[in-house]
Peer 1: 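This is the structure I want to talk about, given as structure tokens.
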Number of protein chains: 2
Amino acid sequence: MTTWLDIADDDPFGVDHLPIGVVTHGDRGRFAAVRIGGYALDLSGAGDYARLFSGETLDPFLAAGPLAWRGVRSLVTAWLTDEAHRGEVEPRLVRLDETTAVLGFSVADYVDFYASEHHATNVGRIFRPDGNPLTPNWKHLPVGYHGRAGTVVVSGTEVRRPHGQARDPDGAIRFGPSERLDLEAELAFVVGTGSAPGQAVPVGAFTDHVYGVCLLNDWSARDIQAWEYVPLGPFLGKSFATSIAGWITPLDALSRAWVAPPPRNPEPLPYLDDTATPAALDIQVEVRLNGTVISRPPFTAMYWTPAQLLAHMTVNGAHLRAGDVFASGTVSGSQPDQRGCLLELTWNGTAPITLLDGTTRAFLHDGDEVVITAAAPGPHGPIGLAEVRGRIVPAASATPG
Amino acid sequence: MTTWLDIADDDPFGVDHLPIGVVTHGDRGRFAAVRIGGYALDLSGAGDYARLFSGETLDPFLAAGPLAWRGVRSLVTAWLTDEAHRGEVEPRLVRLDETTAVLGFSVADYVDFYASEHHATNVGRIFRPDGNPLTPNWKHLPVGYHGRAGTVVVSGTEVRRPHGQARDPDGAIRFGPSERLDLEAELAFVVGTGSAPGQAVPVGAFTDHVYGVCLLNDWSARDIQAWEYVPLGPFLGKSFATSIAGWITPLDALSRAWVAPPPRNPEPLPYLDDTATPAALDIQVEVRLNGTVISRPPFTAMYWTPAQLLAHMTVNGAHLRAGDVFASGTVSGSQPDQRGCLLELTWNGTAPITLLDGTTRAFLHDGDEVVITAAAPGPHGPIGLAEVRGRIVPAASATPG
């Protein structure tokens, strides 16, 4: 489709995309918006749907469910493609560079999975060199855990290097700023429609509950994590900050991106059977560190698909709430330049990478900026997922205790 | 102190206690209340503090902080001890047995620790018989993980037996209702005052942030948990339901319960040093299964104290929000009849316990009811923590997939 707006036909934020978010603006304050080209389109005048955007969050919109999601999408599409609406719509367009994206919804529960076989294998080799890289359960169920919802922050938020305990190679316990701060390039799925307690959400109901997808950076302090994570999993090595993009791409924009899931062996249990639908997503991720592209992980390479993650997360009867976020875990492909975190890219720091400015990195330095972007096939060129950006700032000077 | 109300001087919910909660009542609807003897005292008329109780949750009250908490406590104490207030207060007293407690606040993040050395040692012996029962980190930091905030339910809510994957002893993967459903008797600490992102909350600031304590049952499907928990920790084996008492006991009611922390070796790092204050709590827990007392775990036996749990949880800069809940992990003492879960009490089902009705239990049966209570020393006899009660109902008949 074409729009009367002055944007290129192949703009990654064209009229086929229409991601949603919340921004602040000097004059207009805080409002829910659709991102279109270089603009944020204020949704507070969204006709019959205006009541969903009267607050300062997307919470009512997310909870309203697929009919409302599609209704708003149809309305905004009509606004932008029919010249007749130009007069009423133009005053609601705000230049994107005059706005700041904020965290647009209340994160309910945040779950992080571990769905890339390449990532899990590499991490297993690094952290458990004497055992099988994959744990025995890995190909039977999507391994996952709950993260800290309260420290999910929007793209652009500075990330402070955390303090914590770690064990040095000589066995000494060290306390101080993390010395192995890492990024993890992930996709996150945002739940809109909740579910009833005690009822599993089957693979086939994925699009009834999930509104959309966005990029996520699961910042990880590898030294803290390695010391703390046995036996109850990652905790303080992750909980200091998780960055999420400011714009959520609706699943409705990704109709051209669904592909067949990868072959699985052994065959998953029936509740994880996703072969009836094209359940995998063809999304190409790109990770930049201080402007240097350090990785291009393909989301198609993920062993477990998003619908399987959702089905597994709820198979015990745990219900969904609007604002639940579940992430894929680090996206890594089979090739060395497709690895989605520094732990893998530098093999736990033993093989530092070189940036365009000639400096090397084993892990993140203070001042480093990580930008993750992604693209998916759309009807008129790629759909571009909104970036997730974050810069590391030095650890707090005052140490506790 | 004495009250004009018709309750015994040694009532565990006397005027020295004053736990807070939210109830529903046929005529009055939903309201915030203080529990006093056999009554719920409606707080909606709480003078200058009424604005904190105008909604249907305790969220504004919790977030208001220690000055407000003490102000409300002083006001309610005056109401109940000064005969002059009788006329205005009596109409606000509702018989407790005409009310139902509901989940009174929005659970923000839920963290569960593993702070009992006896529990961790027993579990380690059962799940990892070939290794050291305690992992190398255990005496250096309070091991913990994030649970699912959305499935925290109030005492009295039925708990549906979850479906899930498990691995049988012969290595076969089984899917179906959990066959090893367990309880875990814990204490939970409810955060009121939030903290700033990036700033650790020191041990000494515990009472500035934590409003109170209540009992919690961390229901656990041991078969699901054992199969899924390596390497990222418990997930579906716990996330189906966590029961929390309907009444929160304010820390201000526990001034007689603080005792010296247990000796620790090695000495904790400075940020975990709690020796300057009496940081342990003398709370005696009791676990009943279908009316039979099956355990009496002493909270004084916990290795890590509540203030240490809070300091550790935030030492990486993770901030607190009103409604954050962190739990102790299973409370177990040194004696076999002080173990706070069936996994330990029956040694993973190999030594079933016998109930008063002559039946035996390895793990929980459908229809079983677990009631956990606790008592702490108060100025005039014990303060009784409100029970957490839950009955197991059969797994959903429709299996997903």
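Throughout, a chain's letter reflects where its sequence line sits, starting with A, and its residues are numbered from 1.
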Peer 1: Taking the side chain from Asp109(B) and the backbone from Arg148(A), do they hold a donor-acceptor pair closer than 3.5 Å?
Peer 2: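 Between the backbone of Arg148(A) and the side chain of Asp109(B) there is no qualifying donor-acceptor contact (under 3.5 Å).
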Peer 1: For Pro266(B), is it the side chain, the backbone, both, or neither that has a heavy atom closer than 4.5 Å to a heavy atom of chain A?
Peer 2: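 Looking at Pro266(B), nothing touches chain A.
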Peer 1: Do you know which of Ala108(A), Gly147(A), Gly194(A) has the most heavy-atom pairs with chain B at a distance under 4.5 angstrom?
Peer 2: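 Most heavy-atom pairs within the cutoff with chain B belong to Gly147(A).
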Peer 1: Relative to chain B, which of Gly150(A), Ala318(A), Ala120(A) shows the most heavy atom pairs under 4.5 Å?
Peer 2: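 Answer, by heavy-atom pair count under 4.5 Å with chain B: Gly150(A).
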Peer 1: Would you indicate whether the side-chain heavy atoms of Pro197(B) and Arg160(A) approach each other to under 4.5 Å?
Peer 2: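 The answer is no; the side chains never approach within 4.5 Å.
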Peer 1: Parallel under 30°, tilted from 30 to 60°, perpendicular over 60°: which one fits the rings of Phe235(A) and His312(B)?
Peer 2: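 Correct class here is tilted.
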Peer 1: Count the heavy-atom pairs under 4.5 Å between each of Ala221(A), Gly144(A), Gly198(A), Ala311(A) and chain B, then report the option with the highest count.
Peer 2: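 Looking at each option in turn, the highest pair count goes to Gly144(A).
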Peer 1: By a 4.5 Å heavy-atom criterion (distance strictly below it), what part of Arg161(B) contacts chain A: side chain, backbone, both, or neither?
Peer 2: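 Neither part.
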Peer 1: When Pro231(B) is tested against each of Trp138(A), Tyr145(A), Phe127(A), Tyr114(A) for side-chain contact (heavy atoms from CB on, under 4.5 Å), which residue passes?
Peer 2: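 Going through the options one by one, the only one that passes is Tyr114(A).
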Peer 1: Among Gly237(A), Ala149(A), Ala241(A), single out the residue with the greatest number of heavy-atom pairs under 4.5 Å to chain B.
Peer 2: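 Winner by heavy-atom pair count: Ala149(A).
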Peer 1: For Thr135(B), which atoms come within 4.5 Å of any heavy atom of chain A: side chain, backbone, both, or neither?
Peer 2: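 Interface part for Thr135(B): side chain.
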Peer 1: As a quick check of understanding, evaluate side-chain contact (heavy atoms from CB on, under 4.5 Å) for Gln165(B) and Tyr271(A), giving each step before the final call.
Peer 2: CA-CA 10 Å; Gln165(B) 289 192 31; Tyr271(A) 81 90; 3.0 Å; yes
Peer 1: Which is it for Leu232(B) and Phe113(A) under the side-chain contact (heavy atoms from CB on, under 4.5 Å) test, yes or no, and what are the steps along the way?
Peer 2: CA-CA 9 Å; Leu232(B) 301 188; Phe113(A) 283 95; over 6 Å; no
Peer 1: Report yes or no: does Asn316(B) contribute a side-chain atom to a donor-acceptor pair with the main-chain N or O of Gly164(A) at less than 3.5 Å?
Peer 2: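 No, Asn316(B) side chain to Gly164(A) backbone: no donor-acceptor pair under 3.5 Å.
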Peer 1: Could you tell me which of Ala395(B), Ser239(B), Pro162(B), Gly317(B) has the largest number of non-hydrogen atom pairs under 4.5 Å with chain A?
Peer 2: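 Highest number of pairs under 4.5 Å: Ser239(B).
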Peer 1: Let me know if Val111(B) has heavy atoms under 4.5 Å from chain A in its side chain, its backbone, both or neither.
Peer 2: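 The side chain, not the backbone.
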Peer 1: Do side-chain atoms of Glu228(A) reach the backbone of Val143(B) as a donor and acceptor pair under 3.5 angstrom?
Peer 2: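 Checked: no pair found.
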Peer 1: Report which part of Leu320(B) has an atom under 4.5 Å of a heavy atom belonging to chain A: side chain, backbone, both, or neither.
Peer 2: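 Both parts, backbone and side chain.
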Peer 1: I'd like to know which of Ser106(A), Pro234(A), Gly204(A) tops the heavy-atom pair count under 4.5 Å against chain B.
Peer 2: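 Of the options given, most contacts go to Pro234(A).
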Peer 1: Once you round to the nearest 0.5 Å, how far does NE2 of His146(A) lie from OG1 of Thr151(B)?
Peer 2: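 Reported value, rounded in 0.5 Å steps: 6.5 Å.
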Peer 1: So which part of Leu236(B) gets closer than 4.5 Å to some heavy atom of chain A, the side chain, the backbone, both or neither?
Peer 2: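 It is both, since atoms from each part get that close.
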Peer 1: Measuring heavy-atom distances to chain A, does Leu141(B) have an atom under 4.5 Å in its side chain, in its backbone, in both, or in neither?
Peer 2: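 Looking at Leu141(B), backbone and side chain both touch chain A.
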Peer 1: So which atom in Phe175(B) and which in Val315(A) form the shortest heavy-atom distance, rounded to 0.1 Å?
Peer 2: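 Reported closest heavy-atom pair: CZ-CG2, 3.5 Å.
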Peer 1: Give, as side chain, backbone, both or neither, the part of Val230(B) having an atom under 4.5 angstrom from any heavy atom of chain A.
Peer 2: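 Both parts, backbone and side chain.
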Peer 1: With side chains defined as the heavy atoms from C-beta onward, is the minimum distance between His140(A) and Trp227(B) less than 4.5 Å?
Peer 2: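 Heavy-atom side-chain distance check passes, below 4.5 Å.
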